[in-house]
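Each residue takes its place number in the sequence, starting with 1. Indexing begins at 1, ligand by ligand and atom by atom, following the structure's order.
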Amino acid sequence: MKIAVLAGDGIGPEIVEQALRVLKVLRDEGLAMEFIEAPLGGQAYDAYGSPYPEFTQKICHEADAVLLGAVGGPQYDQLDRPLRPERGLLAIRKDLGLFANLRPAVLFPELANASTLKPEVVAGLDIMIVRELTGDVYFGQPRGMRVNDKGEREGFNTMIYSESEVRRIAHVAFGIAMKRGKKLCSVDKANVLETTEFWKEIVIDVGREYPEVELSHMYVDNAAMQLIRNPKQFDVIVTGNIFGDILSDEASMLTGSIGMLASASLNETKKGLYEPSHGSAPDIAGKNLANPLATIMSAAMMLRYSFGLEAAAGRIENAVKKVLASGYRTADIYEPGTKKLTCSEMGDQVVAAM
Ligand code: NAD
């Protein structure tokens with residue numbers, strides 16, 4: 001297993017280091033893993049003048065999977081847009097054809113109090129959000145800023161989905177629903193936006209191939225409300241890029257901390273990019289304070305989705321559960337009565353629990 005490791009910026013290197021320690025426990029026991037490091041984001045801009053340099057592209061193309069920390073930081077906010085770290089992220093997703101973003105929002109029972117919602121509303125929460133990642137208004141052309149016919153400045157983007165793009169993400173979502181509670185909710189804004197009316201039509205058509213899955217549809221504004229009101233009504237949610245971006249962050253907060261949420265982005269082969277759902281957290285970078293669990297669980301998802309190693313993935317997830325059950329917490333999920341750990345100490349505990 002060739003794994004490209006892109007630590008990135010901010011807390012990226014700190015959290016990726018802990019995930020690598022956990023993976024190396026399995027490697028030392030005999031799983032053949034090779035790690036190849038490469039720069040991405042601001043780190044890559046500093047070294048190569050590009051947020052996704054050719055050197056990194058080559059390594060990612062040759063790898064079977066990519067483990068990523070996070071990119072971005074205030075020092076890069078003044079750069080021209082194409083050079084900004086976040087463009088590196090968009091570029092790698094597009095380059096590797098990573099169209100399916102899987103973001104589980106799972107609430108560990110021990111963290112029910114970390115949520116801002118009442119424990120009874122969120123306890124036992126287990127949602128999978130499937131977000132389309134390479135289309136929609138984030139990539140649609142034309143886009144830009146211009147002066148219009150009336151001499152006024154304006155900004156514009158294009159919301160667009162082709163049939164094949166909707167079909168392939170719908171198949172991924174139905175496939176996941178089949179392995180879980182067989183309930184899929186497709187989120188759109190079909191009452192206002194033709195792009196998503198089209199989306200809904202195609203999802204219904206793909207659904208005919210999965211008669212066992214109960215398919216429902218919800219407008220995005222209602223979905224945003226329902227996630228707060230009664231999140232446990234959802235099993236799998238499928239939606240486009242921009243709605244998925246927002247809803248998956250909202251779902252992440254149901255669980256108490258963005259530092260707990262893993263993600264996988266897959267292409268049509270088993271290649272995937274695995275990263276925590278959060279950003280580079282410049283406010284706590286370099287202080288050994290970050291929660292590495294989202295990255296560690298992203299590594300578990302990598303073993304499951306790219307390499308089919310269900311047992312190894314489960315072992316990592318169980319180690320995380322055990323550490324939480326023992327009362328260990330990083331600062332973001334700390335509450336009185338638990339033991340506060342640094343990022344590397346949390347890594348120590350997960351390694352020990354393995
Ligand atoms: P962020 O997710 O980096 O941080 C939001 C808040 O959550 C901060 O208070 C941060 O300290 C906290 N936080 C995040 N991850 C944490 C962790 N593992 N442990 C403990 N606390 C954690 O979002 P932001 O502040 O909006 O963005 C910061 C930078 O990250 C920006 O440059 C942004 O563009 C970039 N970003 C990158 C990604 C990515 O790499 N996938 C995603 C989102 C944002």
Check your understanding: Any idea which protein heavy atom is nearest atom 44 (C) of ligand 1, and the distance to it?
Key -> Gly279 CA, 3.5 Å
Revision key, fill the gap. Closest to atom 7 (O) of ligand 1 among protein heavy atoms sits Ile258 CG2, 3.9 Å
Review point. Under a 4.5 Å cut-off applied to non-hydrogen side-chain atoms, are Val22 and Val351 in contact?
Key: yes
Exercise for review: Pick one of side chain, backbone, both or neither for how Ile11 approaches ligand 1, counting any non-hydrogen atom pair under 4.0 Å.
Suggested key: side chain
Check your understanding: Should one rank Val71, Asn291, Ile284 by closest heavy-atom distance to atom 22 (C) of ligand 1, which comes out on top?
Key -> Ile284
Review point. Quick one: do Asp205 and Arg167 make a salt bridge, cutoff under 4.0 Å?
Key: yes
Check your understanding: How close does the nearest protein non-hydrogen atom get to atom 27 (O) of ligand 1, and which residue and atom is it?
Key -> Pro282 CD, 4.7 Å
Check your understanding: Within a strict 4.5 Å, meaning less than it, do heavy atoms of the Tyr52 and Lys94 side chains meet?
Key -> no
Check your understanding: Which of the atoms of ligand 1 are close to Glu275, meaning less than 4.0 Å from one of its heavy atoms?
Key -> 41 (N)
Study note, to complete from the structure: the protein heavy atom lying closest to atom 39 (C) of ligand 1 turns out to be Leu89 CD2, 3.5 Å
Point to revise | Parallel, tilted or perpendicular: ring planes of Tyr48 versus Phe55, cut at 30 and 60 degrees | key: parallel
Practice item. Could you check atom 11 (O) of ligand 1 against the protein and tell me its nearest heavy-atom contact, residue, atom and distance included? Key: Asp283 OD1, 2.8 Å
Check your understanding: Can a non-hydrogen atom of Ile15 be found less than 4.0 Å from any atom of ligand 1?
Key -> no
Exercise for review: Using distance alone, decide if ligand 1 has a nitrogen or oxygen within less than 3.5 Å of any nitrogen or oxygen in Arg93.
Suggested key: no
Review point. Looking at CG of Leu98 and CG of Leu89, how far apart are the two atoms once the value is rounded to the nearest 0.5 Å?
Key: 10.0 Å
**Study point:** Pairing of Arg146 and Glu154 as salt bridge, 4.0 angstrom limit
**Key:** yes
Practice item. Check for a donor-acceptor pair, side chain of Thr196 on one end and backbone N or O of Ala190 on the other, with a separation under 3.5 Å. Key: yes
Check your understanding: Of all the atoms in ligand 1, which lie at a distance below 4.0 Å from a heavy atom belonging to Gly72?
Key -> 32 (O)
Review point. Any non-hydrogen protein atom below 4.0 Å of atom 25 (O) of ligand 1?
Key: no
Exercise for review: Enumerate the atoms of ligand 1 whose separation from the nearest heavy atom of Ala290 is less than 4.0 angstrom.
Suggested key: 19 (N)
**Study point:** Close N or O approach (Glu86, ligand 1; < 3.5 Å)
**Key:** yes
Check your understanding: Are any non-hydrogen side-chain atoms of Arg168 and Phe99 less than 4.5 angstrom apart?
Key -> yes
Check your understanding: Do Leu23 and Met302 pass the side-chain contact (heavy atoms from CB on, under 4.5 Å) test, and can you show the C-alpha distance, the side-chain angles, and the key distance before you say yes or no?
Key -> CA-CA 10 Å; Leu23 287 174; Met302 176 176 79; 3.8 Å; yes
Point to revise | atom 29 (C) of ligand 1 - nearest protein heavy atom and its distance | key: Ser280 OG, 3.2 Å
Review point. Which one holds for Asp77 and ligand 1: side chain close, backbone close, both close, or neither close, with close meaning a heavy atom under 4.0 Å?
Key: neither
Practice item. Taking the side chain as every heavy atom from C-beta outward, state whether Tyr219 and Asp188 have any atom pair closer than 4.5 Å. Key: yes
Review point. Touching ligand 1 at all, Gly73? Heavy atoms, strictly under 4.0 Å?
Key: yes
Exercise for review: Could you tell me whether Arg304 and Glu317 have a side-chain N and a carboxylate O separated by less than 4.0 Å?
Suggested key: yes
Point to revise | Protein non-hydrogen atom found under 4.0 Å from atom 18 (N) of ligand 1 | key: yes
Review point. Looking at atom 5 (C) of ligand 1, would you say a protein heavy atom lies below 4.0 Å from it?
Key: no
Check your understanding: Counting heavy atoms not belonging to Glu29, are there more than 12 under 6.0 Å from its CD?
Key -> yes
Check your understanding: Can you check whether Val172 reaches Leu266 side chain to side chain, under 4.5 Å on heavy atoms?
Key -> no
Revision key, fill the gap. Per-atom filter on ligand 1: closer than 4.0 angstrom to a heavy atom of Ala70 are 40 (O)
Check your understanding: Any N/O of Ala281 closer than 3.5 Å to an N/O of ligand 1?
Key -> yes
